[in-house]
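Taking it in order: structure first as structure tokens, then the write-up.
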Protein chains: 2
Amino acid sequence: MSIESLVTRARHICDVNGARFTTIREKVFRLLADTHGGIGAYELLEQLKASEPAAKPATIYRALDFLTEQGFIHKIESTNAFLLCHHFEQHHPAQLLICDQCGHVEELHSSPLQQEFVKLASEKGFLIQRQTVEAHGSCQSCLKKASND
Amino acid sequence: MSIESLVTRARHICDVNGARFTTIREKVFRLLADTHGGIGAYELLEQLKASEPAAKPATIYRALDFLTEQGFIHKIESTNAFLLCHHFEQHHPAQLLICDQCGHVEELHSSPLQQEFVKLASEKGFLIQRQTVEAHGSCQSCLKKASND
DNA sequence: GTTTTTTTGCTTCAGAATAACAAGACATTA
DNA sequence: TAATGTCTTGTTATTCTGAAGCAAAAAAAC
């Protein structure tokens, strides 16, 4: 999936939603798209400053808020990082597998897990509005590397 | 479950582990036990200062680190808060239901959900070492209240 | 073309967490 | 019990994360 294609899709969704995909928002979107794993707000800010020297923390956080509202990104709560979602056509809960060795993050959308969680909550009379499901550990390629040592 | 009973159990586990349940650690433990939901480190610090005026952020964070190592508390990643666990005899992954209305947090330990997550990860070749499973929404009693309006 | 809404610029501040080093308390064992 | 080593706490500073508030600018609506 090329960055340009992601940008085009994002722009289209903004049009539909009557939201404005401004220059700054697009730049932050592209920076996120260039990142293979999650990236912190302040690291994003450093990168944004290359083309927007006046950028301040509020600049980034406002862009991140916007991108979150549009469903373009997920926040990784356990690391305070942000991750571009590649399937943002509809909002969806996700499960994240975060590799502590290489930093790679894999995004999953398991219905069984999702349903199990909702069911579990409803048994307690709890209505889920949003959720955070994250695992830390080792990804396949890091496990392979480790076993070769 | 009374606070004294929790303290006794915690002290016993520390003895077994050869860890020291010092005054400060016990005080922080008790403050956590007095809280019905999660509580932030700095709010905890404010409360601790009542009996330990010299306490500083490091005081709290060190105590929290210790209590985490012993398995006495969970961190709520999505709110940067800490929660006393009432079943700390063995370390275990937990699922948290966090009510955004009243702040109540319910801790669950569902094996099916747990197993589903591990299975899902292993299908991707991912080995889970620790996890964060949190839901935000409305608890039963808040839903009931809302329906009476 | 004026008004209204949204976005951005800018400063400040609050909350969260760690680093580094000194000082004190505790445990060990000689 | 005195000396030693380890663990815990005191203290200061600093970094990271995130939000609040208000003015200026840009875009949309009328």
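Keep in mind that what you see is a predicted model, and the values were worked out from it rather than measured. Every chain is numbered from 1, with letters handed out A, B, ... down the list of sequences.
Closest approach of A:G71 and A:C85 over heavy atoms only: O-CB, 4.3 Å.
Counting to the nearest Å, the P atom of C:dG15 and the OH atom of B:Y61 are 11 Å from each other. Regarding B:L44, its CG atom lies at a distance of 14 Å from the C1' atom of C:dA17, rounded to whole Å. Residue A:I24 contributes atom CD1, which lies 9 Å from atom C1' of C:dT7 at whole-angstrom precision. When the C1' atom of C:dT7 is taken as reference, atom CD of A:Q70 falls 14 Å away, rounded to whole Å. In this entry the distance linking CD1 of A:I60 with C1' of C:dC10 reads 15 Å, nearest Å. The distance between atom CZ of B:R62 and atom P of C:dA23, rounded to the nearest whole Å, is 15 Å. Here the P atom of nucleotide C:dA16 and the CD1 atom of B:I76 are 12 Å apart, to the nearest Å. Across the protein-nucleic acid pair, B:Y42 atom OH and C:dA17 atom C1' stand 6 Å apart, rounded to whole Å.
Between A:A58 and B:T23, the residue anchored closer to the 5' end of DNA chain D is B:T23, taking for each the nucleotide with the nearest heavy atom. Comparing A:P57 and A:A19, the nucleotide of DNA chain C nearest to each residue sits closer to the 5' end for A:A19. If you find the closest nucleotide of DNA chain D to B:F66 and to A:D65, the one lying nearer the 5' end belongs to B:F66.
By the 4.0 Å N-to-carboxylate-O rule, B:E4 lies close enough to B:R30 to be salt-bridged with it.
Counted by atom type alone, A:E107 and A:H109 present one or more donor-acceptor pairs between their side chains at under 3.5 Å.
Side-chain nitrogen and oxygen atoms of A:N80 include none within less than 4.0 Å of the OP1 or OP2 phosphate oxygen of C:dA16. When the side-chain nitrogen and oxygen atoms of A:T22 are compared with OP1 and OP2 of C:dT8, one or more of them lie within a distance under 4.0 Å. Here B:R20 does not reach the OP1 or OP2 of C:dC26: none of its side-chain N or O atoms lies under 4.0 Å away. Here A:K27 does not reach the OP1 or OP2 of C:dT8: none of its side-chain N or O atoms lies under 4.0 Å away.
Taking the side chain as every heavy atom from C-beta outward, B:R130 and A:H136 approach each other to under 4.5 Å. Contact of the B:L48 side chain with the B:T59 side chain is registered, since non-hydrogen atoms from C-beta on lie closer than 4.5 Å.
Mapping heavy-atom proximity under 4.0 Å, the span of DNA chain D touched by chain A runs 5' to 3' from D:dT17 to D:dA27.
Taking the six-membered ring where tryptophan is involved, the planes of B:F82 and B:Y61 are perpendicular, since the angle between them exceeds 60° and thus also 30°.
Here A:E134 pairs with nothing under the salt bridge (Lys or Arg N to Asp or Glu O under 4.0 Å) rule; sequence neighbours left out.
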